[in-house]
Amino acid sequence: VVSRKVYPALGTTWQGVGMVIEAMAKRGWDVDIWSGKGECNAEFSDLPGGRGILAGDAPTAPHAVALAALSALAQEMISNG
């Protein structure tokens, strides 16, 4: 019997997005979310009030936040070696 852990749909629900934003804030990242021209955007910045450097564009805000968080974490890994 294989045990499978069920993970929440972090990139599809507002509840999931809240979890992502909270986890990223604990790591020192701020988020900006906006929409326009039929797509949603999210950007994480590692400087409070600073210019965001990593963005995610998607059809929904939860998806955009998830993409931006992945980009930010990838940048974190690169920076930390």
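Numbers here are sequence positions counted from 1.
Interatomic distance, Ile21 CD1 to Ile33 CD1, rounded to the nearest 0.5 Å: 4.0 Å. Put simply, CG on Asn41 and OG on Ser35 are 8.0 Å apart, with the number rounded to the nearest 0.5 Å. Of the inter-residue distances, the one linking Gln75 atom CD with Leu70 atom CG reads 13.5 Å to the nearest 0.5 angstrom. Rounding to the nearest 0.5 angstrom, the gap separating the CE atom in Met24 from the CG atom in Asp46 is 9.5 Å. From Leu73, atom CG reaches atom CD1 of Ile78 across 11.0 Å, with rounding to the nearest 0.5 Å.
Considering all non-hydrogen atoms of both residues, Ala42 and Ala68 come closest at O-CB, 3.5 Å.
The side-chain heavy atoms of Trp14 and Pro62, taken from C-beta on, include a pair separated by under 4.5 Å. Here the side chains of Phe44 and Val65 are in contact, with some heavy-atom distance below 4.5 Å.
Among residues two or more places apart in sequence or in another chain, the salt bridge (Lys or Arg N to Asp or Glu O under 4.0 Å) test is passed with Lys37 by none.
Side-chain atoms of Trp29 and Glu76 form a donor-acceptor pair, as typed in the model, at a separation below 3.5 Å.
Other residues, nucleotides and ligands contribute more than 12 heavy atoms inside 6.0 Å of the CD atom of Glu39.
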